[in-house]
Each structure stands twice: as structure tokens, then as C-alpha cells.
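Here's the structure, in C-alpha cells; my notes come after.
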There are 2 protein chains.
Amino acid sequence: MGTGTAIRVAALGLFAARGYEGTTMAEIGAAVGIRGPSLYKHVASKQDLLVELMTTTMDGLLELHRRAVTGTDDPVERLRRAVDAHVRFHARHRMEAFVGASEMRSLVEPHRGTVLGKRAEYERAFRRLVEEGVAAGRFHVPSARLASYAILDLGMGLATWYREEGELSENEVVWQQTEFALRLVGAG
Amino acid sequence: MGTGTAIRVAALGLFAARGYEGTTMAEIGAAVGIRGPSLYKHVASKQDLLVELMTTTMDGLLELHRRAVTGTDDPVERLRRAVDAHVRFHARHRMEAFVGASEMRSLVEPHRGTVLGKRAEYERAFRRLVEEGVAAGRFHVPSARLASYAILDLGMGLATWYREEGELSENEVVWQQTEFALRLVGAG
DNA sequence: TCCGATGGCTAGCAGCCGTTAGCCGATGAA
DNA sequence: TTCATCGGCTAACGGCTGCTAGCCATCGGA
């Protein structure tokens, strides 16, 4: 693993624990065994670290979603796979999800707009999934928008309470959350 | 409205928008028409502003929950009322909820521990509600813990996407989210 | 063997932060 | 009218921040 990668990992952990504004370049340096100024031999700026972190997170999530919904036309199965990917991603990338949700404000334009755009795209994709199910008579919800937000929130909540060392394995959590999502749209 | 209250309101808005570390005392002052140092005639410190904000938020939420579940023994009705209070609170206090979730790290001990304790108490109360329903054969979930987290996440998500000016009224959102919660625990 | 590139280091700049000290006009009770 | 209190203000302190400049050891290829 290159030094650049180690720096990004350290930055992620610190941003999650202390926040972007609450993290100093000296701390990030210390986490990888060098001094603050030496970081600039590897990264352009502190802001750059955040930008890259947030855009790659959203890109990864979008890519996983696309792969998940490809290969079947059945609305129930499509939603099941999308939720599986969504929850699994949030279980595996809790810190990225937390930083992504709470540090949007620290992102400077135009990157803020870019990331917000990707997030809106992800939300639309989920909403469309719910709408397809409703149109096919498989889901029964008064508002597809509200239902899709609810499903997204289920997964994003993991950032707060999920722990790998916890009593529930990743697969158990993923399975139950998927079940919750299907019940929620009235397909359970 | 006293100056002290105006300061707290301004601080809440700024903490939500820019984060605790990203907000300066001069900005809080400017929001109420005075200079930064003058704030110290009304508040003890910046940290104090955050402490008070977070503890009163949790106290308010706990009190609302207690009132909601008092007066009936029916597990379904108890959960319905608790979710109603939970969602309504988060719709009305979006900024408090957002700050409460993302600025726990900026809280200094012993206040951090106190607030975490209150949050844990709130989570336990909800879990107990689910467990009661399961014990009474009215709810059907594999894990009460996971189900209660899911319900809590439903409401907390509002902090991100709910807007008063949106197309859905508070009552509509509250009603649908309550419905989602009941479906989720298999009581719909 | 040379030498450029790489990647550490320290010093330091320019600016901002929370907070304190101390000043002063307005206000209202005695 | 007097005078203490209140609540503004500016100046300033001590400390920290992101980042740049510039120095130097190491090391791999020519």
C-alpha cells in the first residue's frame, strides 16, 4: 500500500472521529509517521483529501447500485438487490458514509455541487425502483418518494450504530434490513 | 425573546450549516447584531452553547417520548404514538437533530458522556416497545434491536431531506412514517 | 560515479480563533 | 441627581492552522 493510500485512510479515520475542521494536517501526518508539511509531497491540500474521499465514495456507491439492478426485470428482486448493495456498502464503509453525510458543508464549490448531484442521482435511482414496483402492482405505498427516502435512511443509519464486532454479522444485518425494506413497500 | 435565546437560535443555525468547529464566535455575534466578544456577557463559552443545545434537545425528546407512551397498554398503539412523537420532533427540530448526530465529537467530557447516556436511554425505550410487541405476539421481527434501530433511523433521516416548504405536510410525513414503522415490525 | 528525483525535515509566514481586559454610554433605582 | 449595573465596544494575547520555502539524505538509473 502506497503512502498516498495510507494518508487517505488516516484522513478518513480522523475526519470521521474529529471532523474535517477539527482535524489538522499535523495529525494526519502523525497517523502515518511523518510531519504535517511532508504531506504536501503526496497530496495537493487538505480540501483535496476531502474532495477525493467524497467523490470516490459516491462513485463507488453508484457503481455498486448499477451492478445490483442489472440482470433482472422483476421489481421485487431489483429492489432486494439494490437494498442489499446499499446496506452492505454502508456496513463496510461506515466512516465514509458518516463523513459523506456530515461534512458536505466543508466541501468547497464546485465539488460540493458535484457530490450533491451524485447523491441526487442515487436517490432518484432508488425512487425509480419503488415507482416501478408500484406501477407493476407489486408495491403499495402512498408516496414513492417517502418510501425511497425511508429505505435509504435504513442503510445510512448503520453509520451510527453498526459495529463489525457486534453480535450481528454483516449478512444478518443485510438480510433483515432487506426484509424491512420489502415490508415497508408492502411487498413482504 | 431575550438576547440569550436569540444567541442560542443563531448558534444552532450556524452549527448546523457550518459545523461547530467551522463556526466562529464573531459569526454568531454578527447573526444577532453584536461583536464576538460581547457574546461573553450572555454565555460562558462556545462549548457551553453546544452543551446546552444538545442536552436540551435530548431532554425534550425523552420527555415527548414519555408522554407519548403513557396512557395505553396496547403495544401497537404505544409504538404508533412513540413513532408519531419521534417523527414529529425530528420534522420540527431538524437542525437540532443534525447537530446532535454530527457534533457529538465536539462535545467535551463529561457532557459527551451525559448526552450519550441520554441517547442510549432513548434507544432502549424504543427497543423495549418493540420487545413488548413481540412478547405479546403483535410484532414479528427476528431482532428487536435491529427493528428499533431501523425505526429510529426513519425519523432521524428527516434531518437530511425534510423541508417545511416541501410538497408533503408534516402530518402526511408523520402518518406515512408511522405506517412504515408498523409494517416494518410486521404489525401492519 | 554522477546526478536528478523523491520524500523526509525545520523554520516561518500570514492569518484566524476563543477568550480576557478594560473602557464607556445608557438606563433605571435610590 | 447620583451611581451601580448592564451590555455594548476595541485592543490584544497566546496559541494554533494550512501551507510554502528551502535544506538535505537516500537511492536508482545513466
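In what follows, chains are A, B, ... by sequence order, proteins preceding strands, each numbered from 1.
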Note to self: Classify the ring geometry of A/Tyr122 against A/His65: parallel below 30°, tilted from 30° to 60°, perpendicular beyond 60°.
What the structure shows: perpendicular
Next item on the list: Report the nucleotide, chosen from C/dC9, D/dC9, D/dG18, that has the shortest atom-to-atom distance to any side-chain atom of A/Arg35.
Entry: C/dC9
Next item on the list: Specify the separation, in whole Å, of atom CE of A/Met25 and atom P of C/dG12.
Entry: 21 Å
Checklist line | A/Leu49 CG - D/dC19 C1' separation (whole Å) | finding: 14 Å
Check: To the side chain of B/Lys41, which of C/dG8, D/dT10, D/dG7 is closest?
Finding: D/dG7
Next item on the list: Establish whether the base of D/dG18 is bridged to the side chain of A/Lys46 by a donor-acceptor pair shorter than 3.5 Å.
Entry: no
Next item on the list: Could you tell me whether the side chain of A/Gln47 and the main chain of A/Ser106 form a donor-acceptor pair under 3.5 Å?
Entry: yes
Check: Please give, in whole Å, the distance from D/dT17 P to A/Gln47 CD?
Finding: 18 Å
Checklist line | Any donor-acceptor pair under 3.5 Å from A/Ser102 side chain to B/Ser102 backbone | finding: no
Next item on the list: Measure the distance from CG on A/Leu39 to P on C/dG7 and round it to the nearest whole Å.
Entry: 13 Å
Next item on the list: Measure from CD1 on A/Ile34 to P on D/dT26 and round the result to the nearest Å.
Entry: 18 Å
Check: Can you tell me if the side-chain N/O atoms of B/His42 get under 4.0 Å from OP1 or OP2 in D/dC6?
Finding: no
Note to self: Between A/Arg112 and A/Glu109, is the salt bridge (Lys or Arg N to Asp or Glu O under 4.0 Å) condition met? List the steps.
What the structure shows: CA-CA 5 Å; A/Arg112 197 177 125 87; A/Glu109 293 296 356; 3.8 Å; yes
Check: Reckon B/Thr24 touches a base, only the sugar-phosphate, or nothing at all at heavy-atom distances under 4.0 Å?
Finding: sugar-phosphate
Next item on the list: Check every atom of C/dG18, C/dA21, D/dA21 against the side chain of A/Pro37 and return the nucleotide holding the closest atom.
Entry: D/dA21
Item checked: Integer-rounded Å distance: D/dT17 P and A/Arg18 CZ -> 10 Å
Next item on the list: Evaluate side chain to side chain contact (heavy atoms under 4.5 Å, CB included) for B/Leu61 paired with B/His90, printing each intermediate quantity in order.
Entry: CA-CA 9 Å; B/Leu61 189 54; B/His90 281 79; 4.2 Å; yes
Next item on the list: Would you mind reading off the distance between A/Glu21 atom CD and D/dG18 atom P, rounded to a whole angstrom?
Entry: 9 Å
Notebook entry, point to check: Within less than 4.0 Å of OP1 or OP2 of D/dG7, is there a side-chain N or O belonging to B/Ser38?
Noted result: no
Checklist line | Atom-pair distance (OH on A/Tyr40; C1' on D/dC19), nearest Å | finding: 5 Å
